[in-house]
Participant: 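One structure is given below, represented as structure tokens, and several questions about it will come after.
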There are 2 protein chains.
Amino acid sequence: MALSADILRGYTDTILLKCLAEGDSYGYQMVRQIAQKSGGALQLKEPTLYTAFRRLTQDGLIDSYWGDEQSGARRRYYRLTEKGLERLLSDQQAWIETRQALDRLLLDENE
Amino acid sequence: MALSADILRGYTDTILLKCLAEGDSYGYQMVRQIAQKSGGALQLKEPTLYTAFRRLTQDGLIDSYWGDEQSGARRRYYRLTEKGLERLLSDQQAWIETRQALDRLLLDENE
DNA sequence: AATAATACCTTGACAGACGATGTACTGTGT
DNA sequence: ACACAGTACATCGTCTGTCAAGGTATTATT
């Protein structure tokens with residue numbers, strides 16, 4: 001099973017924030033972390049990823065710095081800001097409420 | 001709390017199918033039914049609604065007929081088709097899996 | 001020397017949600 | 001009789017997020 005784009009729309013930002021809450025990371029790695037965590041269900045596409053990074057940076061929810069790799073390609077690391085953490089917490093709460101509302105709207109009463 | 005647009009994107013169709021699975025209905029009433037069921041969290045907007053009706057009709061998931069109101073404004077009733085019911089069932093299953101994946105991606109392990 | 005993998009990034013097209021707006025009829029208060 | 005709110009239908013144009021396709025550069029493998 002793969003999660004469709006539209007279904008995820010609106011959650012990518014939160015998914016990225018949560019990912020960074022577990023430690024600084026960089027684009028390519030985050031794609032893999034998220035794929036793994038979702039059991040392969042969510043394969044974030046690169047344009048989606050970098051669009052989100054730009055959005056989150058502009059909103060001051062994350063910032064970034066270049067890693068000093070001795071070998072291999074350069075990496076831009078992203079870091080959660082204080083404001084980003086606050087956003088994450090409120091997004092998590094919103095998810096819990098959304099989940100409950102959608103359960104009521106989509107499923108039968110007795111399940 | 002109000003569900004934001006992007007969060008719902010991709011679910012409106014399923015929400016409408018589920019609503020019709022409980023009996024034929026018409027636009028205006030469905031908006032109210034859904035608002036009530038979600039505890040006011042989801043106020044479907046009319047352009048969203050009619051765009052969805054067109055989409056679902058085109059896909060053969062619903063069809064419609066004019067009611068014969070003795071008084072009051074005319075109403076276009078919508079009805080779930082066989083194909084629509086099948087889609088609803090698979091959408092419900094998809095939601096359960098999406099919910100689980102998002103739980104893993106958005107929340108901490110111990111909750 | 002060619003290929004795959006890692007790692008970054010952008011452009012352009014597409015689809016869904018919705019603010020604004022419009023039509024038409026009914027019911028209510030004055 | 002008339003204004004106004006409510007019911008009920010519908011569309012246009014804008015905005016936003018996603019992604020297929022494409023591009024650059026470095027390192028590892030064959």
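First the proteins, then the strands, lettered A, B, ... as listed; each starts at 1. Values below: every heavy atom of this structure, side chains too, minus hydrogens, waters and symmetry copies.
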Participant: Are OP1 or OP2 of dT11(D) and a side-chain N or O of Arg54(B) less than 4.0 angstrom apart?
Facilitator: yes
Participant: With no angle test and no hydrogens, is the base of dC19(D) tied to the side chain of Glu46(A) by a donor-acceptor pair under 3.5 Å?
Facilitator: no
Participant: Ignoring backbone atoms, test whether Thr12(B) places a side-chain nitrogen or oxygen under 4.0 Å from the OP1 or OP2 oxygen of dG16(C).
Facilitator: no
Participant: Quickly work out the Gln58(A) CD to dG17(D) P distance and round it to whole Å.
Facilitator: 11 Å
Participant: Any idea which of dT6(C), dA8(D), dC18(C) is nearest the Thr51(B) side chain?
Facilitator: dC18(C)
Participant: Atom CZ of Arg32(B) and atom C1' of dC9(D): how far apart are they, to the nearest Å?
Facilitator: 13 Å
Participant: Using only heavy-atom distances, decide whether a donor-acceptor pair under 3.5 angstrom links the side-chain of Arg9(B) to the base of dA15(C).
Facilitator: yes
Participant: Is the distance from OP1 or OP2 of dA7(C) to the nearest side-chain N or O of Tyr26(A) less than 4.0 Å?
Facilitator: yes
Participant: State, with a plain yes or no, whether a side-chain heavy atom of Leu107(B) is found less than 4.5 Å away from one of Gln92(A).
Facilitator: yes
Participant: Does any N or O donor sit under 3.5 Å from an N or O acceptor when you compare the side chain of Arg75(A) with the base of dT6(C)?
Facilitator: no
Participant: Where the side chain of Tyr50(B) is defined as all heavy atoms beyond and including C-beta, which of dT10(C), dC9(D), dA17(C) is the nearest nucleotide?
Facilitator: dC9(D)
Participant: Between Thr57(A) (side chain only) and Asp63(A) (backbone N and O only), is there a donor and an acceptor less than 3.5 Å apart?
Facilitator: no
Participant: Which residue lies toward the 5' end of DNA chain D, Pro47(A) or Arg74(A), if each is placed at its nearest nucleotide?
Facilitator: Pro47(A)
Participant: Of all the choices, dA7(C), dA20(C), dC9(C), which nucleotide is nearest to the side chain of Ala73(A) once you look at every atom?
Facilitator: dA7(C)
Participant: Distance check needed: dA8(D) P versus Met30(B) CE, whole Å only.
Facilitator: 13 Å
Participant: Roughly how many Å is it from CG in Leu49(A) to P in dA20(D), rounded to a whole number?
Facilitator: 14 Å
Participant: Could you tell me how far apart Tyr28(A) (OH) and dC9(C) (C1') are, to the nearest whole angstrom?
Facilitator: 13 Å
Participant: Taking Lys37(A) for the side chain and Ala35(A) for the main chain, is one N or O donor matched with an acceptor at less than 3.5 Å?
Facilitator: no
Participant: Picking from dA10(D), dG16(C), dT18(D), which would you name as closest to the side chain of Arg55(A)?
Facilitator: dT18(D)
Participant: Are Arg87(A) and Asp13(A) close enough for a salt bridge, meaning some N to O gap below 4.0 Å?
Facilitator: no
Participant: If you count the non-hydrogen atoms of other residues, nucleotides and ligands that lie under 6.0 Å from CD in Gln100(B), is the total more than 12?
Facilitator: no
Participant: Find the distance Leu42(B):CG to dA17(C):P and express it as a whole number of Å.
Facilitator: 10 Å
Participant: Whole Å only: how far is the CG atom of Leu56(A) from the P atom of dG17(D)?
Facilitator: 10 Å
Participant: Separation of Tyr65(B) atom OH from dC9(D) atom C1', in whole Å?
Facilitator: 16 Å
Participant: If you look at every strand shown and take non-hydrogen atoms under 4.0 Å, does Gln29(B) touch a base, only sugar-phosphate, or nothing?
Facilitator: nothing
